[in-house]
Amino acid sequence: MADGGSLGGILAAARALLVALALGLALPGAVQAAPQATPPAQGVTCIKCKSTGRQPCPEHTKEECAREDGVLFCSVIADCATCGGTGWLLCPFCENADAKQALENKRARVQQMRPLLAEYDERMGRPLRKSATEHFTLVWEIESLKVDKRTVGAHELLHMYSEHLERVFTDYCEVLKVGEREFAQRAKVFVWWLPNEQMKASLLFCGQGSQRGVKLMGSPVAYSMCGNRQFYRNEEMLHRNLVHCVSHLLLSHQSPSEWIGNKKGGWAEEGLAHWFEDRYWGVCDTYCYEEQDVNVDFKGGKYRVAMRKLIAEDKSPPLMGLLEQNTDQLTLPQHCAAFSFVDFLIHLDGAKFNAVCRKLRAKVSSRDALQAIYKASPLELESQWKAWVLETYPKQ
Ligand SMILES: [Zn+2]
Ligand SMILES: [Zn+2]
Ligand SMILES: [Zn+2]
Ligand SMILES: [Zn+2]
């Protein structure tokens with residue numbers, strides 16, 4: 001009994017030690033440790049905050065706080081008196097100058113953004129859910145959506161879509177080899193659930209009313225759309241539409257700002273937007289200039305397979321004709337060819353394609369722009385492009 005009792009006592013003591021270690025407590029009887037209030041010296045770890053110098057604000061969930069790092073401003077927590085709209089508090093158990101500075105900067109940024117974004121609330125006549133990141137302001141008025149079989153609430157969606165938008169921006173700059181200074185202003189994106197709110201907002205913020213979506217191109221740029229099931233069968237299609245349309249905003253806003261879609265630059269504008277759809281999903285099914293018919297489809301959106309077939313059967317739309325179209329004049333096979341021709345030019349060199357787009361925005365014709373950048377006529381480029389497609393695109 002005595003042995004058993006003493007073993008139990010040892011185990012209990014060991015458990016207490018583990019609990020004490022896990023809680024970061026000073027051990028009774030241990031060599032007098034420094035009082036807990038004293039901050040650990042530089043390089044010493046703080047168990048309380050894992051040495052990050054900060055802790056999540058108790059007014060929100062930990063997950064919510066973590067997401068706040070992805071934005072400059074979030075209206076959902078902007079008015080929190082505890083964290084000043086940052087999602088974080090300084091760790092009371094240690095001192096971390098970098099964390100302190102970062103938190104102060106974020107607080108100041110939240111206050112700076114607040115009046116800029118309040119404009120949307122005033123014009124719509126009620127408080128809106130919105131965020132700001134480096135390159136976008138996003139108004140998000142959808143309560144919940146099913147994303148990969150999980151129902152996601154409004155606050156998380158606001159952050160998720162802020163990230164989606166920034167990803168397009170980063171990819172756009174990488175692919176076209178563009179510096180971010182070529183974009184003078186944040187692009188504004190509005191996503192509504194109610195068609196009448198979309199109608200009102202598109203008139204207010206994009207200068208034209210439509211129940212489905214309106215883009216304001218050039219400078220400034222904005223896109224207001226209705227994300228309701230009437231127009232998008234699922235969240236993926238909504239996401240794809242935003243990726244597609246945001247590429248239009250960026251292309252038109254990049255210096256020198258100009259919309260090329262009504263200056264026979266439809267091939268470059270739509271080609272690039274479909275290229276981004278293909279990059280993320282391998283499917284191109286966004287036809288953003290179709291006002292009414294939402295079920296437009298070309299070969300199930302499998303553009304690579306479709307294009308290879310068109311060329312193999314000698315039914316590909318001629319490049320010269322394609323280079324003369326405005327965006328709203330493009331036929332479905334021309335959308336597919338525009339994607340593929342842009343795909344070919346990006347494959348050659350994103351920087352050169354960017355140089356072509358820059359010329360188009362400066363009102364140079366497609367023919368002259370291609371000749372200047374590639375030292376080749378459209379006919380020569382066309383045969384190189386078709387050979388490349390036959391060589392590299394899948395048959396099915
Ligand atoms: Zn700490
Ligand atoms: Zn938030
Ligand atoms: Zn808070
Ligand atoms: Zn489009």
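Remember, it's 1-based here, ligands and their atoms both numbered in the order they're listed.
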Engineer: How about Glu64: does one of its N, O or S atoms come closer than 2.8 Å to the Zn ion (ligand 2)?
Structural biologist: no
Engineer: May I have the angle between Cys49 SG and Cys94 SG with its vertex at the Zn ion (ligand 1), rounded to 10°?
Structural biologist: 100°
Engineer: Taking 4.0 angstrom as the limit, do Glu236 and Arg240 come out as a salt bridge?
Structural biologist: yes
Engineer: Measure from the Zn ion (ligand 4) to every N/O/S atom of Glu270 and report the name of the nearest one.
Structural biologist: OE2
Engineer: Can you check whether Lys386 reaches Ser316 side chain to side chain, under 4.5 Å on heavy atoms?
Structural biologist: yes
Engineer: Tell me which N, O or S atom from His248 is the closest to the Zn ion (ligand 4).
Structural biologist: NE2
Engineer: Can you tell me, to 10 degrees, how wide the angle at the Zn ion (ligand 2) is between SG on Cys74 and NE2 on His155?
Structural biologist: 110°
Engineer: Would you call the rings of Trp267 and Phe341 parallel, tilted or perpendicular, where under 30° means parallel and over 60° means perpendicular?
Structural biologist: tilted
Engineer: What orientation do His248 and Tyr289 show, parallel under 30°, tilted 30 to 60°, or perpendicular over 60°?
Structural biologist: tilted
Engineer: Taking NZ, NE, NH1 and NH2 as the nitrogens, is one of them in Arg114 or Asp79 under 4.0 Å from a carboxylate oxygen of the other?
Structural biologist: yes
Engineer: Does any donor atom in the side chain of Tyr280 or Asp171 lie under 3.5 Å from an acceptor atom in the other side chain?
Structural biologist: yes
Engineer: Where the Zn ion (ligand 1) is the centre, what is the SG-to-SG angle for Cys46 and Cys91, rounded to 10°?
Structural biologist: 110°
Engineer: Name of the His244 N, O or S atom nearest the Zn ion (ligand 4)?
Structural biologist: NE2
Engineer: Can you tell me the N, O or S atom of Glu68 that's nearest the Zn ion (ligand 2)?
Structural biologist: OE2
